[in-house]
Amino acid sequence: MPSAARDIPNSDNLSRTVSNSFNLSLSTSPVATFNSSSSSLGGHKGTSAKQLKPFITSDIKVLLLENVNKTGQDILARQGYQVEALKSSLSEDELVQKIRDVHVIGIRSKTKLTSKVLHAAKNLIVIGCFCIGTNQVDLKAAAQNGICVFNSPFSNSRSVAELVIAEIIALARQLGDRSNELHNGVWNKVSAGCWEVRGKTLGIIGYGHIGNQLSVLAEAMGMRVVFYDVVNLMSMGTAQQVNSLNALLAGADFVTVHVPELPETQNMIGKEQLEKMRQGSYLINASRGSVVDIPALIEASKSGKIAGAALDVYPNEPGGNGNYFNNEINSWAEDLRALKNIILTPHIGGSTEEAQSAIGVEVAEALVRYVNEGATLGAVNMPEVNLRSLTLDEPNHVRVVYIHKNVPGVLRKVNEILGDHNVDKQMTDSRGEVAYLMADISNVNTSEIKDLYQSLEDLGSRIRTRVLY
Ligand SMILES: NC(=O)C1=CN([C@@H]2O[C@H](COP(=O)(O)OP(=O)(O)OC[C@H]3O[C@@H](n4cnc5c(N)ncnc54)[C@H](O)[C@@H]3O)[C@@H](O)[C@H]2O)C=CC1
Ligand SMILES: O=C(O)CCC(=O)C(=O)O
């Protein structure tokens, strides 16, 4: 346990030595939070004020699922938090049980944090998605419960782009089939239907972090690149933006999809779109399983319209390694497995040592900053609010974090409460229905902290109050 954790007294004998435990950097001492239950960091409304006490770092319970990289586990453990790391995901029912005591949860793409799970998560203050996609989390329900969500927006983009490059060449040369045949002892030296990629056109749907990287790599191999995106974007190299999905589908030899999972991207590539693609072209999907209609792809492959495809993502993905990918999980799985020149990978686009290590650091640091200092920089469901860290020459300071409903008149009431003290700095911002206020106030007597906390808790607009010091 770090020394700072030992320095932080309980609420019954708060002493000013607490000020010495202000966070100076992420790698040093943590800052305590004034809680609304003995094990929470500002629980849901309705918890008993009698149990108020500041947390010590070893009170913080962190649950990491889906084999979060050791870099991230170590950063959280070094803070003195209790870290439990599991290799697989958990089902909704298992999560509802397990998440009750947890303050911080770290997941990857498979764990579904639904509104039912979040409702059971009475102590949860923050979610770390150790990946790019955040579609697996009900972001709105999280915000409404005062739970901040972080992700890693681009640490695995390059890894995905490199996988797609490998797949473009592998599909063009039917590498998967030749390798399978020879593994089965069959020598089948053919050139029919095998191509160089030089001079071919790559169509990228969704020209974001991954699409950009891919664009550069594909041009370096002599491919022509066109892209379609809902936003007008600057092209990398000599890539050209086209103004419709249909134009992209009709003009590309290889089509690759890199859009987020959204209502608009559901079955974005279905029967109609596959019909618009060039005869003998190829489709790659490493975005989300909901984006491509797989039964339609199976038909297009059987008819020869599509010469090959690479899929890294699926509608229902097994929760952990070793589970079968068969018709019980997706009714078309066995049909898909039987097709020629279809590369099937188990959602490994971002699975490289480099990407996972970088994601571990990035997301764990964001979680620590949020738990210890209340900073929401980079949050995907809350406004971005930050104040410089408190320093040792600011004794008797308290940092107040107040997450509230974004309705008129709240700031006036909050400032009436804070106004009894000296407000040194304050920042507030809103995002949709939720607003986030952070204030550093000085000359606060320890005896006043409980009242300050309770006054904020009693406001009708309150979603979550935290007092860090
Ligand atoms: N297979 C894997 O392991 C991985 C999969 N992913 C998936 O890839 C997706 C894309 O990742 P990034 O490139 O980092 O995201 P990004 O957010 O940087 O780029 C997405 C692009 O798609 C565009 N877009 C959104 N809706 C669209 C629509 N309806 N039509 C056309 N364009 C649209 C956006 O404007 C944006 O330019 C992620 O959301 C995630 O689901 C990400 C990382 C790893
Ligand atoms: O492997 C993972 O953690 C998920 C990768 C992914 O799909 C993402 O980053 O969105």
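The structure presented is a predicted model; accordingly, all values stated were derived computationally and were not measured. Both counts, for ligands and for their atoms, begin at 1 and track the order of listing.
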Trainee: Salt bridge or not between E181 and K340? Use side-chain N to carboxylate O under 4.0 Å.
Mentor: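 Yes, charged N to carboxylate O under 4.0 Å.
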
Trainee: Determine whether any protein heavy atom is located less than 4.0 Å from atom 29 (N) of ligand 1.
Mentor: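 Protein heavy atoms within 4.0 Å of atom 29 (N) of ligand 1 - there is at least one.
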
Trainee: Side chain, backbone, both or neither: which part of N135 has a heavy atom under 4.0 Å from ligand 1?
Mentor: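 Under 4.0 Å from ligand 1, N135 contributes no heavy atoms.
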
Trainee: Is atom 17 (O) of ligand 1 less than 4.0 angstrom from some protein heavy atom?
Mentor: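 So far as the 4.0 Å threshold goes, atom 17 (O) of ligand 1 is out of reach of every protein heavy atom.
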
Trainee: Quick check on contacts: which atoms of ligand 1 are under 4.0 angstrom from a heavy atom of H347?
Mentor: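 Listed by number with element: 1 (N), 2 (C), 3 (O).
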
Trainee: Please identify which atoms of ligand 1 are closer than 4.0 Å to at least one heavy atom of V160.
Mentor: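 Listed by number with element, the hits are 4 (C), 43 (C), 44 (C).
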
Trainee: Any carboxylate oxygen within less than 4.0 angstrom of a Lys/Arg side-chain nitrogen, looking at E84 and K98?
Mentor: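 Looking at K98 together with E84, the answer is yes, because their closest N to O distance falls below 4.0 Å.
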
Trainee: Of V230, I204, V257, which has the heavy atom at the shortest distance from atom 27 (C) of ligand 1?
Mentor: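 It is V230 that holds the nearest heavy atom.
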
Trainee: Does a salt bridge link D293 with K271, judged by any charged N lying under 4.0 Å from a carboxylate O?
Mentor: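 Salt bridge: no.
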
Trainee: Out of curiosity, N327 CG to E334 CD, how far, rounded to the nearest 0.5 Å?
Mentor: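 Separation between the atoms: 3.5 Å.
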
Trainee: Mark the output for E261 as yes if a heavy-atom distance to ligand 1 is under 4.0 Å, and as no if none is.
Mentor: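 Contact absent.
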
Trainee: If you measure every N/O of G211 against every N/O of ligand 1, is any gap under 3.5 Å?
Mentor: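 No: no nitrogen or oxygen of G211 is under 3.5 Å from one in ligand 1.
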
Trainee: Would you mind running through ligand 1 and noting each atom that sits below 4.0 Å from a heavy atom of H258?
Mentor: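 Those qualifying, in numeric order: 10 (C), 20 (C), 21 (C), 22 (O).
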
Trainee: Here's one to test your reading of the geometry: is the NZ or CZ of R369 within 45 degrees of the ring axis of F150 and under 6.0 Å from its centre?
Mentor: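 No; the conditions do not both hold, so R369 does not lie above the ring face of F150.
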
Trainee: At the 4.0 Å heavy-atom cut-off, does F154 count as touching ligand 1?
Mentor: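 Contact check F154 vs ligand 1: negative.
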
Trainee: Backbone or side chain, does any N or O of Y228 fall under 3.5 Å from an N or O of ligand 1?
Mentor: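 No, since none of the N or O atoms of Y228 sits under 3.5 Å from an N or O of ligand 1.
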
Trainee: Where the closest heavy atom to atom 11 (O) of ligand 1 is concerned, which of L262, I359, I210 has it?
Mentor: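 Result: the heavy atom closest to atom 11 (O) of ligand 1 is in I210.
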
Trainee: For ligand 1, which atoms, with element, lie under 4.0 Å from some heavy atom of D312?
Mentor: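 Counting from 1, the qualifying ligand atoms are 1 (N), 2 (C), 3 (O).
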
Trainee: Does Y314 use its side chain to pair, donor to acceptor, with the backbone of P346 at less than 3.5 Å?
Mentor: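 Such a contact is absent between Y314 side chain and P346 backbone.
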
Trainee: Please lay out, stage by stage, how Q136 and T111 fare under the test side-chain hydrogen bond (donor to acceptor under 3.5 Å, both in side chains).
Mentor: CA-CA 7 Å; Q136 67 280 35; T111 307; over 6 Å; no

Trainee: Where is the nearest protein heavy atom to atom 39 (O) of ligand 1: which residue, which atom, and how far?
Mentor: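 Here the closest protein heavy atom is P260 CA, 3.3 Å.
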
Trainee: Within ligand 1, which atoms have a heavy atom of V231 less than 4.0 Å away?
Mentor: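 Listed by number with element, the hits are 35 (O).
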
Trainee: For ligand 1, note which part of D229 has a heavy atom under 4.0 Å away: side chain, backbone, both or neither.
Mentor: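 D229 to ligand 1: contacts from backbone and side chain alike.
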
Trainee: If you measure every N/O of S157 against every N/O of ligand 1, is any gap under 3.5 Å?
Mentor: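 In fact, backbone or side chain, S157 has no N or O that close.
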
Trainee: Do E354 and R158 sit within salt-bridge range, that is, some charged N less than 4.0 Å from a carboxylate O?
Mentor: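 No, no charged N to carboxylate O under 4.0 Å.
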
Trainee: Give every pair formed by an N or O atom of ligand 2 and a protein N or O atom closer than 3.5 Å, one pair per line with both atom names and the distance to 0.1 Å, or write none.
Mentor:
from     : atom 1 : to   : atom 2 : distance (Å)
ligand 2 : 1 (O)  : R108 : NH2    : 2.9
ligand 2 : 3 (O)  : R108 : NE     : 2.5
ligand 2 : 3 (O)  : R108 : NH2    : 3.2
ligand 2 : 7 (O)  : R288 : NH1    : 2.8
ligand 2 : 7 (O)  : R288 : NH2    : 3.2
ligand 2 : 7 (O)  : H347 : NE2    : 2.6
ligand 2 : 9 (O)  : I132 : N      : 2.5
ligand 2 : 9 (O)  : N156 : ND2    : 3.0
ligand 2 : 10 (O) : I132 : N      : 3.4
ligand 2 : 10 (O) : G133 : N      : 2.7
ligand 2 : 10 (O) : R288 : NH2    : 2.7

Trainee: Test your reading of the structure: does T265 have an N or O sitting under 3.5 Å from an N or O of ligand 1?
Mentor: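 In fact, backbone or side chain, T265 has no N or O that close.
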
